[in-house]
Chemist: 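Just passing along the structure, written as structure tokens.
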Amino acid sequence: MPKLRLYNSLTRKKEEFTPLDPSHVRVYACGPTVYNYAHIGNARMAVVFDLLANVLRSIYPKVTYVSNITDVDDKIMVAAKESGEAIDVITRKFEKIYNEDMAALGVAKPDVQPRATEHIPEMIALCEALIKRGHAYEAEGNVLFNVPSFAAYGGLSGRSRDEQIAGARVDVAPYKKDPADFVLWKPSAADQPGWDSPWGFGRPGWHIECSAMAEKHLGLPFDIHGGGADLKFPHHENEIAQSCCAHGKDDDLSAFAKMWVHNGFVTVGGEKMSKSLGNFLLVHDLIEEFPGEALRLTLLSAHYRQPLDLTKEKIAESKRILDRLYRTLYDLRDVQISKSPAVADIEFQEALLDDLNTPQAIAVLNQISSASANDAEEKKTLLAAGGMLGLLQQNPAKWLGYDVSGDNDVEKLLAERTEAKAAKNFKRADEIRDEVKALGFTIEDTPEGPKARKI
RNA sequence: GGCGCGGUGGCAGAAUGGUGAUGUAGAGGACUGCAAAUCCUCGUAUCCGGGUUCGAUUCCCGGCCGUGCCUCCA
């Protein structure tokens, strides 16, 4: 069986992936907090783990991929106050938009997409377990995780306790036993979202929801936990602390998830997106301007751990690459193929199995597209390889804009131009080309006659 | 300040201790009435300085530059 190699953030090494249970691979990736339109950083995470799930499915019989929706968070409360909309209206709205936008990028919905608000009892149970084991304490309606109680804390991000304190710029709440302690549960005012708990009316802190949802839907330990690189600290560090300590695994960082996979950032203009710079790129806007598939290819054009600087020029270039690949498929449109094979191409597969080396995989895809020893093989392989990457599954004629049926004006002009050409009236033929262009089409003369293509 | 990542052709971007992929842009050519597409050809690309080595873009050390995390963040 082919083996996947993945860079494990926990060990800082590329490792061979060995599932805990080869008959059922379990993956969790931190999803979005739904209070605004998804930006391209959210999209990169979704595309990367969608691809990882595809690759795992190609070599293991069963894969469960869980990615959550965080629908309780102070940022959502702020957004609600600003817009005047109810919190659940906002979260449902942006959850829906998130899923629609990701679908436009060819991202399949995760096998399970749990909502934080539907796992409050599990979070409360985790808090209770942590208190019982002496890893958490109550103070003024808060439940706090006591960081010094977990000696292995900081192992994922490589931070010693001294460094954390030295680097801390946050005000330390007076009720904290230790400056590094973080909130598991906090009190809510009557007008804030909250749930009854042993510590009064309150709501979860930021990190506990992922611990609860991952455990509920995958069981512990599970195989791979993923997310954006910025989540490593403190979010993932704290997830590990909560989940390991709640189950008495005080000395084993991998008792929660065996491997940690982090995707790199998307930058705009060489800098991280931020509100102050005003350089946020939203998926919602980009897919108005470009096909979602072009954006997906752009997101896959750099290795997932590398930073990716996204520009519109780059998306446009991806579009041109897809044009060429779809043209290859269009040229093979009459070639009959049997069902696509599970393994597209050995080199292609090896590229992806080597820590999801998508640039290499795309290079192989290009080679397949230009080297055509056997048309049926070529078509089959392109479709299979493209499918693995979430690309090339559309109708080539439609993608290329050859589908002009029903446009009588264009068809009439094409016929007229054919006549003009037959009469060697090239002046008129060129005029018609301009007229058709004004209608939004370009004319391509082919052995089968002229074709209009939507620009 | 602490920790990390990166600097490869115009641009994007892999890989590698010994002929440096792939794409895109550009140039030339074939084909075409002209185009488009396709095909062929082309380009003095591994940040700088040391070290290890028969050999370094690759490994090590030191610079310089860029960027990220340390605070909400995918």
Side-chain angles (χ1 to χ4, degrees), chain A residues 9 12 29-33 35-36 38-49 67 70 73-75 78 98 154 157-160 162-171 206 226-235 237 262-267 270-275 280 283 297-311 313-314 316-325 327-328 330-331 347 351 354 357-367 369-370 400 420-422 424-427 429-430 433-434 437 442-447 450-453 455:
Chain A
S9 303
R12 294 177 190 76
C30 291
T33 302
Y35 65 102
N36 204 338
H39 56 71
I40 51 177
N42 295 305
R44 188 178 199 190
M45 167 265 149
V47 166
V48 165
F49 290 97
S67 187
T70 295
D73 183 279
D74 289 4
K75 290 192 296 294
V78 171
Y98 173 79
S157 54
R159 266 162 238 278
S160 72
D162 288 348
E163 285 165 354
Q164 288 160 42
I165 304 295
R169 287 186 227 160
V170 278
D171 291 332
W206 173 33
D230 57 324
L231 295 182
K232 228 188 258 187
F233 185 87
H235 184 56
E237 201 72 78
H262 291 96
N263 63 275
F265 266 94
V266 182
T267 58
E271 287 177 301
K272 189 178 164 178
M273 291 184 290
S274 72
K275 280 179 183 158
F280 259 86
V283 176
L297 177 58
T298 307
L299 291 171
L300 294 174
S301 68
H303 184 88
Y304 76 93
R305 281 191 281 117
Q306 295 303 123
L308 173 67
D309 192 51
L310 198 77
T311 60
E313 290 70 29
K314 215 176 272 189
E317 184 180 325
S318 295
K319 162 79 165 53
R320 286 193 290 273
I321 293 168
L322 288 169
D323 285 347
R324 183 173 44 74
L325 292 170
R327 188 173 293 281
T328 303
Y330 181 76
D331 291 342
E347 275 185 70
D354 182 15
N357 190 339
T358 49
Q360 182 63 38
I362 292 166
V364 176
L365 196 66
N366 283 320
Q367 284 160 357
S369 152
S370 50
L400 293 169
K421 274 178 56 174
K424 302 263 189 231
N425 185 352
F426 296 122
K427 185 163 174 282
D430 289 344
R433 190 193 288 285
D434 290 339
K437 192 173 182 182
T442 178
I443 293 176
E444 294 176 6
D445 287 323
T446 72
K451 275 185 182 154
R453 188 179 159 217
I455 308 171

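Computed from a predicted structure; not experimentally measured. First the proteins, then the strands, lettered A, B, ... as listed; each starts at 1.
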Chemist: Starting at CZ of A:F233 and ending at P of B:C5, how long is that distance when rounded to a whole Å?
Modeler: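 Taking CZ of A:F233 and P of B:C5, I get 18 Å after rounding.
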Chemist: Measure all distances between protein nitrogen or oxygen atoms and nitrogen or oxygen atoms of nucleotides 7-9 of chain B, and list the pairs falling under 3.5 Å.
Modeler:
none

Chemist: Scan every strand shown for a Watson-Crick or G-U wobble partner of B:C3, both distances under 3.5 Å, and answer none if you come up empty.
Modeler: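 Result: B:G68.
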Chemist: Touch check for A:G228, heavy atoms < 4.0 angstrom, all strands: base, sugar-phosphate only, or nothing?
Modeler: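 Sugar-phosphate, backbone atoms only, no base.
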Chemist: Out of B:U38, B:G13, B:A25, which nucleotide sits closest to the side chain of A:P359?
Modeler: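 Of all the options, the side chain of A:P359 is nearest to B:G13.
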Chemist: By the 4.0 Å heavy-atom rule, please label A:R320 as base, sugar-phosphate, or nothing.
Modeler: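 Answer is sugar-phosphate: A:R320 comes under 4.0 Å of backbone atoms only.
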Chemist: Students often get this wrong, so: under 4.0 angstrom with heavy atoms, is A:D430 touching a base, only sugar-phosphate, or nothing?
Modeler: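 Base, at least one base atom sits under 4.0 Å.
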Chemist: Determine the contact category for A:T442: base if any of its heavy atoms lies under 4.0 Å from a base atom, sugar-phosphate if only primed atoms, P, OP1 or OP2 are that close, otherwise nothing.
Modeler: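 The residue A:T442 makes no contact with any strand.
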Chemist: Using atom P in both nucleotides, what's the gap between B:U24 and B:G13 to the nearest angstrom?
Modeler: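 Approximately 16 Å lies between the P atom of B:U24 and that of B:G13.
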Chemist: Without decimals, in angstroms, what is the distance between A:H262 NE2 and B:G4 P?
Modeler: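 For the pair A:H262 NE2 and B:G4 P, the rounded distance is 16 Å.
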Chemist: Could you please name the partner base of B:U38, counting Watson-Crick and G-U wobble pairs only when both distances are under 3.5 Å?
Modeler: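 When the pairing criteria are applied, B:A30 turns out to be the nucleotide that pairs with B:U38.
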Chemist: Rounded off to whole Å, could you give me the CZ-to-P distance for the A:R305 and B:A74 pair?
Modeler: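 Those two atoms, CZ and P, are 21 Å apart.
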Chemist: What does A:V266 touch in the nucleic acid at a heavy-atom separation under 4.0 angstrom: a base, only the sugar-phosphate, or nothing?
Modeler: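 Here A:V266 touches the bases of the nucleic acid.
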Chemist: Pick the nucleotide of RNA chain B nearest each of A:K232 and A:Q306; which residue has the one closer to the 5' end?
Modeler: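 Of the two residues, A:K232 wins.
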Chemist: Take A:E317 and A:K75, find for each the nucleotide of RNA chain B with the closest heavy atom, and name the residue whose nucleotide sits nearer the 5' end.
Modeler: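 The residue closer to the strand's 5' end, by nearest nucleotide, is A:E317.
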Chemist: Under 4.0 Å between a side-chain N or O of A:R433 and OP1 or OP2 of B:A36?
Modeler: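 So the side chain of A:R433 is outside the cut-off, no N or O lying under 4.0 Å from OP1 or OP2 of B:A36.
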Chemist: Tell me whether the side-chain N/O atoms of A:R453 come closer than 4.0 Å to OP1 or OP2 in B:A37.
Modeler: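 No, because none of the side-chain N or O atoms of A:R453 sits under 4.0 Å from OP1 or OP2 of B:A37.
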Chemist: Go through B:G23, B:A21, B:A74 for me and flag the one nearest to the A:R324 side chain.
Modeler: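 Within the option list, the nearest is B:G23.
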Chemist: For A:E313, answer base if it contacts any base atom (sugar-phosphate contacts may also be present), sugar-phosphate if it contacts only those atoms, and nothing otherwise; contact means non-hydrogen atoms under 4.0 Å.
Modeler: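 No contact at all - A:E313 keeps every heavy atom at 4.0 Å or more from the nucleic acid.
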Chemist: Can you name the nearest heavy-atom pair linking A:S369 to A:T328, along with the distance?
Modeler: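 Of all heavy-atom pairs spanning A:S369 and A:T328, the closest is OG-OG1, 3.1 Å.
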Chemist: For B:G43, give its Watson-Crick or G-U wobble partner with both distances under 3.5 Å, or none.
Modeler: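 Pairing partner: none.
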Chemist: Suppose we define a pair by two distances each less than 3.5 Å, Watson-Crick or G-U wobble; what does B:G62 pair with here?
Modeler: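 B:G62 is paired with B:C48.
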Chemist: Between A:D323 and A:R327, does any NZ, NE, NH1 or NH2 come within less than 4.0 Å of an OD or OE carboxylate oxygen?
Modeler: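 Between A:D323 and A:R327 there is no salt bridge, as every charged N stays at least 4.0 Å from the carboxylate O atoms.
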Chemist: Give A:H303 one of three labels, base, sugar-phosphate or nothing, depending on what nucleic acid heavy atoms sit under 4.0 Å from its own.
Modeler: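 A:H303: backbone/sugar contact only, no base atoms under 4.0 Å.
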Chemist: Taking the side chain of A:N263 as heavy atoms from C-beta outward, which of B:C70, B:A74, B:G23 is closest to it?
Modeler: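 Of all the options, the side chain of A:N263 is nearest to B:A74.
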Chemist: What is the distance, rounded to the nearest whole Å, between atom CG of A:L365 and atom C1' of B:A14?
Modeler: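 After rounding, the gap between these two atoms is 15 Å.
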Chemist: Can you tell me how far P of B:A12 sits from CG of A:D309, to the nearest Å?
Modeler: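 In whole Å, B:A12 P lies 8 Å from A:D309 CG.
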Chemist: Tell me: CG of A:N366 to P of B:U38, nearest whole Å?
Modeler: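 So the two atoms are 12 Å apart, to the nearest Å.
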Chemist: With sequence neighbours left out, what residues match A:K314 under side-chain hydrogen bond (donor to acceptor under 3.5 Å, both in side chains)?
Modeler: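 Not a single residue meets the side-chain hydrogen bond (donor to acceptor under 3.5 Å, both in side chains) criterion with A:K314.
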Chemist: Just compare B:G68, B:A21, B:G33 and give me whichever is closest to any side-chain atom of A:K421.
Modeler: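 Closest nucleotide among those given: B:G33.
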Chemist: Provide the distance between the two P atoms, one in B:G23 and one in B:G33, to the nearest whole Å.
Modeler: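 Comparing P positions in B:G23 and B:G33 gives a spacing of 29 Å.
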Chemist: Would you indicate what A:I443 reaches in the nucleic acid, counting non-hydrogen atoms under 4.0 angstrom: base, sugar-phosphate, or nothing?
Modeler: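 Base contact - A:I443 has a heavy atom under 4.0 Å of at least one base atom.
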Chemist: Searching all strands shown, indicate the nucleotide that pairs with B:G9 (Watson-Crick or G-U wobble; both distances under 3.5 Å).
Modeler: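 Check on B:G9: unpaired, no WC or wobble geometry under 3.5 Å.
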Chemist: Whom does B:A21 pair with, Watson-Crick or G-U wobble, provided both distances fall under 3.5 Å?
Modeler: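 Paired with no nucleotide.
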Chemist: Say we look at B:A45 and B:C11: how far apart would their P atoms be, to the nearest angstrom?
Modeler: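 Those two atoms are separated by 13 Å.
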Chemist: Identify whether the distance between the nearest side-chain nitrogen and carboxylate oxygen of A:R453 and A:E444 falls below 4.0 Å.
Modeler: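 Result for this pair is yes, salt bridge flagged.
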Chemist: Give A:D445 one of three labels, base, sugar-phosphate or nothing, depending on what nucleic acid heavy atoms sit under 4.0 Å from its own.
Modeler: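 If one applies the 4.0 Å heavy-atom cut-off, A:D445 turns out to touch a base.
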Chemist: B:U44 and B:A15: how far apart are their P atoms, nearest whole angstrom?
Modeler: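 The answer is 26 Å between these two P atoms.
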Chemist: Rounded off to whole Å, could you give me the CZ-to-P distance for the A:F426 and B:A35 pair?
Modeler: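 Taking CZ of A:F426 and P of B:A35, I get 12 Å after rounding.
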Chemist: What's the gap between B:G18 and B:C70 when it is taken at their C1' atoms, as a whole Å value?
Modeler: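 Straight-line distance between the two C1' atoms is 42 Å.
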